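Input: a single structure, listed below in structure tokens.
Counting starts at 1 for both ligands and their atoms, following the listed order. Predicted model, so just to flag it, every value in this text is computed and none were measured.
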Amino acid sequence: MPDANLRFPPGFLWGAATAAYQIEGAAREDGRTPSIWDTFSHTPGKVLGGDTGDVACDHYHRWREDVRLLADLGLKAYRFSVSWPRVQPTGRGPAVRRGLDFYRALVDELLAHGITPMVTLYHWDLPQELESALPGGGPAGGGWPERDTAERFAEYAGIVAGALGDRVELWTTLNEPWCSAFLGYGSGVHAPGRTDPAAALRAAHHLNLAHGLGARALRAALPARARIGVSLNPSAVRPLTSSPADLDARRRIDALANRVFTGPMLRGAYDDDLLADTARVTDWAFVRDGDLDVTRQPLDFLGINYYSPAVVSAASPSGAPRHDGHGGSDHSPWPGADSLVSFHRAPGELTAMDWPVDPTGLKDLLLEYTAQAPGVPLYVTENGAAYDDKPEGGAVHDPDRVRYLHGHLSAVHAAIREGADVRGYFLWSLMDNFEWAYGYSKRFGAVYVDYETQRRTPKSSARWYAKVAASGELPQAVAEG
Ligand code: IFM
């Protein structure tokens, strides 16, 4: 029956995702102090249009309405992040009760609507004090290049687990540590905006350590039913040609984009080729005995965030244009590979981010991670697209996003058919929000946000996704709801 709908497994979790700094606003309320993103976004020239997360979607005051939106769409799960500086303003010491109360109330409201919460502990909003004021931080700063930040993270993880552990089962430690390390400390297009390749590699290691220490702290504080994972944004890296030079370029980027995290987290090792490729940047002396036992914690699931593939070749002598999707800086986010690899635009239509649409990358990654982490269930913890959505007559029609979602959900289904144990899918994002260095200029939401009035309008993609979620079936062809 060629026209039969694609049926997802029973219990498949249909959800949507957000992150604290991107939606909450209330940047100075109830004891919250600045995070590195507050500082960065308030620094002229760092974020398009000078946008900041001061108000964002005002979710801190409108959270009941936002839970109702999820419920009206019939979604069964919601992935959100906790703002570290809202619950532990200086990044050390006691927690702020009002901050924790906010997340308790949010979780209770979700549960009251039958929506499963998935908590992300760290989605990029490091308390500024930890970036500025660490021992040894000095003018260059502290933050993730410093080991102490990983230890502080474990303390914070224990605090949040203590507050929400009785009502949340699904936990992730970090979201996309690649961005924190390499965009934050390498190319500098993300907070804190440093451009030091050695610091980026130190940050990567301390994020791995934070994941391990944080997972341990969660395990110690949470009931046995808790499920602990991490959300990575692995790169589906493809060589431009099958020449040995292009295959080697692929190997280098795979090491820096993917294996720098999966090595320590899944296998308890940094691969030799990664260490050799980066030897002129750092000697990795910051990796201490025993660290790699800590980074490799048992995982109950792995979160995969996917948007677009990358195509690489050996660097052309003229220097091919950069299409690694992380432009906007003269500094490379690829320590040790910057002059050796060129990025090319992958084929496919482009989203408003100029990211090519290619669902095969998602299927490939789900199968690859099934092989790399046998027996570990997967969730797609982010997937979605930005388009230039415009309201017309009170509605927002976004057929491009429906096509994008249809293609990627078909890819998830194909991966499941071929043996991947994918347990759920979280659309990025529930609503339009602060898209980091792009400010409010890029709209990823299934729900349109009018930032003047804070009015929320579900786009046609939200209605379409709601139908898929309600039926657990994906039509073979796109027909908008
Ligand atoms: O908005 C981001 C999110 O915070 C992390 N993953 C990618 C999304 C789109 O760029």
Ring centres under 6.0 angstrom apart (Y60, F102): yes

Measure the acute angle between the ring planes of [X] and [Y], then classify it against the limits of 30° and 60° as parallel, tilted or perpendicular.
{"X": "Y122", "Y": "F153", "answer": "perpendicular"}
{"X": "H190", "Y": "W124", "answer": "tilted"}
{"X": "W436", "Y": "F434", "answer": "perpendicular"}

N433, any N or O under 3.5 Å of ligand 1 N or O: no

Heteroatom distance test (Q22, ligand 1): nitrogen or oxygen, under 3.5 angstrom: yes

Subset of ligand 1 atoms that lie under 4.0 Å from at least one heavy atom of F444: 9 (C), 10 (O)

Close-contact set for ligand 1 against H123 heavy atoms, below 4.0 Å: 3 (C), 4 (O), 5 (C)

Location of contacts on M353 toward ligand 1, heavy atoms closer than 4.0 Å: neither

For ligand 1, the portion of W355 having any non-hydrogen atom under 4.0 Å away: side chain

Donor + acceptor pair across side chains of N383, N305 (<3.5 Å): no

Can you report which non-hydrogen protein atom sits closest to [atom], along with the distance?
{"atom": "atom 8 (C) of ligand 1", "answer": "Y307 OH, 3.4 Å"}
{"atom": "atom 5 (C) of ligand 1", "answer": "E382 OE1, 3.2 Å"}
{"atom": "atom 1 (O) of ligand 1", "answer": "E435 OE1, 2.6 Å"}

Expected output: side-chain R194 to main-chain Y185 donor-acceptor under 3.5 Å: no

Sidechain-backbone polar pair: S429 side chain, A17 backbone, donor-acceptor under 3.5 Å: yes

